[in-house]
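Order of listing sets the numbers, starting from 1, for every ligand and every atom in it.
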Amino acid sequence: MEKEIKTVFSGVQPSGNLTIGNYLGAIKNFSRFSEDYRTFYSVVDMHAITVRQVPAELRKRTYETLALYMACGLDEKKNTLFVQSHVPEHAELGWVLNCYTMFGELSRMTQFKDKSAKHAQNINAGLFTYPTLMAADILLYGTDVVPVGIDQKQHLELARDIAIRFNQTYSETFTVPEGYIHTDTMKIMSLAEPTAKMSKSDTNPNAVVYILDSKDDILRKFKRAVTDSDSSVHFSEDKPGVSNLMTIYSAFTGKSLDDIEREFDGRGYGDFKLAVGEACADGLATVRDEFARLMADKAYLEQVMKNGAESAHRVAFKMMSKVKRKIGFVN
Ligand code: TRP
């Protein structure tokens with residue numbers, strides 16, 4: 001299959017408030033593809049219902065996630081931005097792919113194991129087949145590259161295996177996608193417990209910085225961030241707190257770790273934490289302003305959703321027709 005222009009797909013669930021980990025590890029990198037690739041970014045509401053959602057909240061977060069995409073620099077004219085449930089082929093291909101995915105494969109997914117432990121009262125079939133819906137998202141668009149956080153690597157590998165299996169059973173149908181995992185900033189750790197990943201569901205309010213936090217909150221959280229008993233700003237494995245702050249500072253300022261060590265040589269943690277807080281708050285200021293502006297204009301967001309769903313549907317419909325033909329469904 002010759003294609004001149006490559007395709008990028010990624011998705012974010014409209015559940016929970018997004019953290020600077022989501023921002024630096026995934027969303028901030030999405031816009032770098034806009035110029036040279038055909039890009040699809042979806043608000044994956046169908047994935048969100050694998051855990052119980054309050055309907056009004058889900059609806060609100062769907063708007064918010066779209067607004068956040070745009071506030072983080074995704075221009076709706078250069079990217080197809082859409083809501084997953086607006087394009088019915090996702091559910092349709094998801095079902096088909098269920099029949100080409102093994103029970104054993106799904107049982108080995110660590111996210112399924114984690115989420116089943118966390119939601120023991122609601123281990124539904126959708127939670128189990130979550131990765132086949134994700135594979136459908138990706139494969140529908142002939143995706144070459146999938147920018148995701150490191151935690152999605154296993155799901156991506158499964159999507160590749162499913163594509164290869166389908167292609168071998170029939171003939172070349174799906175592009176086998178590659179992950180794009182941004183390694184420098186892929187893992188932002190908790191500010192309170194820097195050996196654990198920063199997680200949007202953390203119950204400690206000082207552990208997590210959200211994209212939409214106010215400047216005061218951001219400064220306060222960094223001020224309280226856990227470091228260690230010595231006082232040198234130095235990147236190393238036995239200094240997880242300081243190293244995490246250096247990673248965040250580097251991501252927001254573009255400075256190298258060496259430069260940062262030199263900048264804070266002999267200055268102590270107080271100065272350093274303040275600088276990290278300010279760099280983070282400044283870096284997020286435009287995102288926050290743009291988000292507020294977009295959220296005040298629902299009609300505009302709805303227009304973006306509608307346009308996005310139409311262009312996504314055109315591509316998805318073609319792929320779905322091809323799949324139906326190959327597996328022997330009557331046209
Ligand atoms: N599972 C992803 C996450 O939780 C979200 C997602 C759904 C996704 N479908 C996708 C990411 C397709 C990339 C491609 O982060």
Side-chain angles (χ1 to χ4, degrees), residues 6-30 33 37-51 53 58 61-62 65-66 68-69 72 74 79-87 89-94 97-98 101 106 109-115 118-119 126-163 174-182 186-188 197-201 211 308 312 315-316 319:
K6 295 204 170 188
T7 299
V8 168
F9 186 100
S10 197
V12 171
Q13 292 192 50
S15 56
N17 290 322
L18 295 169
T19 71
I20 58 167
N22 301 118
Y23 177 67
L24 298 173
I27 303 177
K28 185 165 177 273
N29 300 308
F30 289 178
F33 298 101
Y37 294 78
R38 185 170 68 145
T39 52
F40 295 89
Y41 295 115
S42 185
V43 179
V44 291
D45 53 350
M46 287 158 61
H47 278 104
I49 63 165
T50 55
V51 303
Q53 303 289 337
L58 178 61
R61 289 195 198 285
T62 300
T65 308
L66 179 72
L68 203 55
Y69 270 159
C72 290
L74 293 177
N79 305 272
T80 299
L81 306 177
F82 73 103
V83 176
Q84 185 187 32
S85 66
H86 292 174
V87 181
E89 283 81 5
H90 289 254
E92 217 178 345
L93 184 60
L97 297 184
N98 272 336
T101 308
L106 292 172
M109 295 291 120
T110 53
Q111 184 171 305
F112 172 68
K113 291 189 231 171
D114 292 349
K115 286 200 180 173
K118 226 160 111 189
H119 304 275
L127 196 62
F128 189 63
T129 61
Y130 179 113
T132 56
L133 180 60
M134 179 163 160
D137 297 343
I138 297 168
L139 301 182
L140 267 179
Y141 298 92
T143 303
D144 299 280
V145 183
V146 186
V148 276
I150 184 86
D151 61 318
Q152 295 299 311
K153 192 162 176 252
Q154 198 186 24
H155 287 164
L156 193 71
E157 271 156 19
L158 181 61
R160 288 169 57 88
D161 291 342
I162 296 171
F174 296 126
T175 304
V176 180
E178 302 279 344
Y180 175 90
I181 294 163
H182 196 60
M186 65 189 182
K187 238 182 170 178
I188 301 297
K197 192 185 140 188
M198 185 181 282
S199 152
K200 55 187 170 188
S201 49
I211 300 180
V315 180
M319 178 61 86

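In this structure the side chain of V12 never reaches within 4.5 angstrom of the side chain of N22, judged on heavy atoms. Contact of the D137 side chain with the L133 side chain is registered, since non-hydrogen atoms from C-beta on lie closer than 4.5 Å.
Contact residues of ligand 1 (protein heavy atom closer than 4.0 angstrom to a ligand atom; sorted by chain and number): F9, S10, G11, Q13, V44, H47, Y130, M134, D137, I138, V146, V148, Q152.
With ring centers used as reference points, H155 lies 6.0 Å or more from F112.
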Between L106 and T129, is a side chain to side chain contact (heavy atoms under 4.5 Å, CB included) present by the stated rule, with each step listed? CA-CA 7 Å; L106 292 172; T129 61; 4.2 Å; yes
Between T39 and N79, does a side chain to side chain donor-acceptor pair (under 3.5 Å) hold up when you go through it step by step? CA-CA 5 Å; T39 52; N79 305 272; 2.7 Å; yes
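Note that CZ of R38 is 3.5 Å distant from OG1 of T7, once rounded to the nearest 0.5 Å.
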